[in-house]
S.K.: 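Please read through the structure below; I'll follow up with questions.
Here is how names work: the chains are called A, B, and so on, in the same order as the sequence lines, proteins then strands, and each is numbered from 1.
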Protein chains: 2
Amino acid sequence: MRMIPVGNSAKRGRLSSPAVDADVETTVASRLRRLGQRFTAGRRALVDALTKVDRPVTIEEILRVEPRLPLSSTYRNLAILQQAGVVHRVSTDHEFARFELAEDLTDRHHHHLVCESCGTIEDVEIPARLDRSVRAALDELARTARFRVASHRVDAFGLCARCAAER
Amino acid sequence: MRMIPVGNSAKRGRLSSPAVDADVETTVASRLRRLGQRFTAGRRALVDALTKVDRPVTIEEILRVEPRLPLSSTYRNLAILQQAGVVHRVSTDHEFARFELAEDLTDRHHHHLVCESCGTIEDVEIPARLDRSVRAALDELARTARFRVASHRVDAFGLCARCAAER
DNA sequence: ATTCGTGCAAATAGTTTGCAGCAGA
DNA sequence: TCTGCTGCAAACTATTTGCACGAAT
């Protein structure tokens, strides 16, 4: 398993300190409270870790950043945070599940470049107008199937720069 | 069986008979041969089962249709067929992996309506022009990340008609 | 004090693999 | 005949859960 540099999101005014955006903290706390759940240190560490990386990460990657977190609590807390709408689980063809912060916490509707070789996922933003067209088309098709669309996903699969170089 | 007519090239008529299209048989056989693999009865049964259902199915669903297939051989053969480019593995947020025939065998570039409640997936076709726009936009974004796009995916998540009714 | 979270260890479950026999080219 | 496919059972591994202790309200 290779080391992946933990890059910081180029978001305006984002802290580079270990602390999480106070805004995000408040939102997370209130969403947890809504479920009768507490915003404990372990959960804060998870949100922290996910804030620092701007792409979906595996549990292993999270534990590499936060080695003090026990495996079982991490699974349990990611599930809770997912229920609270704070974390989004991204399914992949690779062996490990990946997690990211929910879009409404990052204010960045994005899509994914999924490397079929190493499983790494990069975030990208497609033009808003195109995204709206996709959504409209899906809504229209869903109508025929009486399917209720909640969200959509546009992903690209292929080879990341690193894996392409290794060939 | 939901067909949504769209301006996509519907080159070949679909059979409604239980047997697999002879065309598909030939293609599958040759792709297997390319890997030094045989087109055995078990593999034929798998292709058969996937041809009959027009959506990604779980192993359990396959075995319900073809109960004579042993579990381990099914996993092994699906992996082989995937390598041969005959079968495509669809990753989901649900517990089971799902499989479908490769698009170039069905001549139907399609996308998915994924039910977040029961995990069932329906196929839909979005307008070809929109699909091309999506692809172009992803190619453009990928250029920046030096990512090589091989394929893309446009999926909708929500509630299928059946699950929506149960609420 | 009581409820909820934690962390270890053990269990679960989808998937993979070793191996002996069988079958297709 | 000779590889390679099959099918059973056993192994593997990501994830989940039971339980007793600790923390927060």
S.K.: Keeping Ser73(B) on the side-chain end and Asn77(B) on the backbone end, is there a donor-acceptor pair under 3.5 Å?
M.R.: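 A pair under 3.5 Å: no.
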
S.K.: Rounded to the Å, how far apart are His94(A) NE2 and dT15(C) P?
M.R.: 16 Å

S.K.: Examine the side chains of Gln37(A) and Arg43(A) and answer whether a donor and an acceptor come within less than 3.5 Å of each other.
M.R.: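 Yes, side-chain donor-acceptor contact under 3.5 Å.
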
S.K.: Think Tyr75(A) has a side-chain N or O under 4.0 angstrom from the OP1 or OP2 of dT16(D)?
M.R.: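 So the side chain of Tyr75(A) is outside the cut-off, no N or O lying under 4.0 Å from OP1 or OP2 of dT16(D).
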
S.K.: Using side-chain contact (heavy atoms from CB on, under 4.5 Å) as the criterion, list what pairs up with Arg148(A), not counting sequence neighbours.
M.R.: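 In terms of side-chain contact (heavy atoms from CB on, under 4.5 Å), with neighbours along the sequence ignored, Arg148(A) is linked to Leu159(B), Ala164(B).
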
S.K.: Please report the distance, rounded to the nearest Å, between CZ in Arg43(B) and C1' in dA25(C).
M.R.: 14 Å

S.K.: dT6(C), dT15(C), dA14(D): which one has an atom nearest the side-chain heavy atoms of Arg89(B)?
M.R.: dT15(C)

S.K.: Taking CZ in Arg64(B) as the centre, count heavy atoms belonging to other residues, nucleotides or ligands within less than 6.0 Å. Is the count above 12?
M.R.: yes

S.K.: Quick one: do Leu71(B) and Leu78(B) end up in the same hydrophobic cluster if we chain Ile, Leu, Val, Met, Phe, Trp and Tyr together by side-chain heavy atoms under 4.5 Å apart?
M.R.: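 Cluster IDs for Leu71(B) and Leu78(B) match.
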
S.K.: Does Ile62(A) share a hydrophobic cluster with Leu105(A), counting links as ILVMFWY side-chain heavy atoms below 4.5 Å and allowing steps through other members?
M.R.: yes

S.K.: Would you mind reading off the distance between Arg33(A) atom CZ and dT3(C) atom C1', rounded to a whole angstrom?
M.R.: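 Atom-to-atom, Arg33(A) to dT3(C), this comes out as 17 Å.
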
S.K.: Write down the distance between CG (Asn77(B)) and C1' (dT15(C)), rounded to a whole number of angstrom.
M.R.: 14 Å

S.K.: Nearest 0.5 Å please: distance from the CD1 atom of Ile121(B) over to the SG atom of Cys160(B).
M.R.: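 Those atoms lie 11.5 Å apart.
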
S.K.: If you check the Pro70(A) side chain, which of dT16(D), dT15(C), dG7(C) turns out closest?
M.R.: dG7(C)

S.K.: Does Gln37(A) make a side-chain N or O approach to OP1 or OP2 of dG5(C) shorter than 4.0 Å?
M.R.: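 Answer yes for this pair, as a side-chain N or O of Gln37(A) is under 4.0 Å from OP1 or OP2.
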
S.K.: Reading DNA chain D from 5' onward, which residue's closest nucleotide shows up sooner: Ala97(A) or Ile80(B)?
M.R.: Ile80(B)

S.K.: Would you mind telling me which of dT15(D), dG14(C), dT6(C) lies closest to the side-chain atoms of Phe96(B)?
M.R.: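 Taking heavy atoms from C-beta onward, the closest nucleotide is dG14(C).
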
S.K.: Which atom names give the shortest non-hydrogen contact between Leu113(B) and Ala145(A), and what distance separates them?
M.R.: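 Heavy-atom minimum between the residues: CD1-CB, 3.9 Å.
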
S.K.: Within the 3.5 Å criterion, strictly below it, is a donor on Glu100(A) or His112(A) matched to an acceptor on the partner's side chain?
M.R.: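 There is such a pair (donor and acceptor under 3.5 Å, judged by atom type) between the side chains of Glu100(A) and His112(A).
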
S.K.: Starting at CD of Glu60(A) and ending at C1' of dT13(D), how long is that distance when rounded to a whole Å?
M.R.: 13 Å

S.K.: For Leu35(A) and dC4(C), give me the distance from atom CG to atom P, rounded to whole Å.
M.R.: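 Value for this atom pair: 13 Å.
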
S.K.: Check the distance between dC5(D)'s P and Arg44(B)'s CZ and give it to me in whole angstrom.
M.R.: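 So the CZ-P distance, Arg44(B) to dC5(D), works out to 14 Å.
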
S.K.: Expressed in angstrom and rounded to an integer, what is the separation of Leu71(A) atom CG from dA10(C) atom P?
M.R.: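 Result: 15 Å.
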
S.K.: Ring centroids only, cut at 6.0 angstrom: are His111(A) and His152(B) within range, meaning strictly under it?
M.R.: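 No: the rings miss the under 6.0 Å criterion.
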
S.K.: Which protein N or O atoms sit under 3.5 Å from an N or O of nucleotides 18-21 of chain D?
M.R.:
{"residue": "dG18(D)", "atom": "O6", "partner": "Arg76(A)", "partner atom": "NH2", "Å": "3.3"}

S.K.: Report all interatomic pairs (protein N or O, nucleotide N or O of nucleotides 22-25 of chain D) with separations under 3.5 Å.
M.R.:
none

S.K.: At under 4.0 Å between heavy atoms, what does Ala79(B) touch on the DNA or RNA strands: base, sugar-phosphate, or nothing?
M.R.: nothing

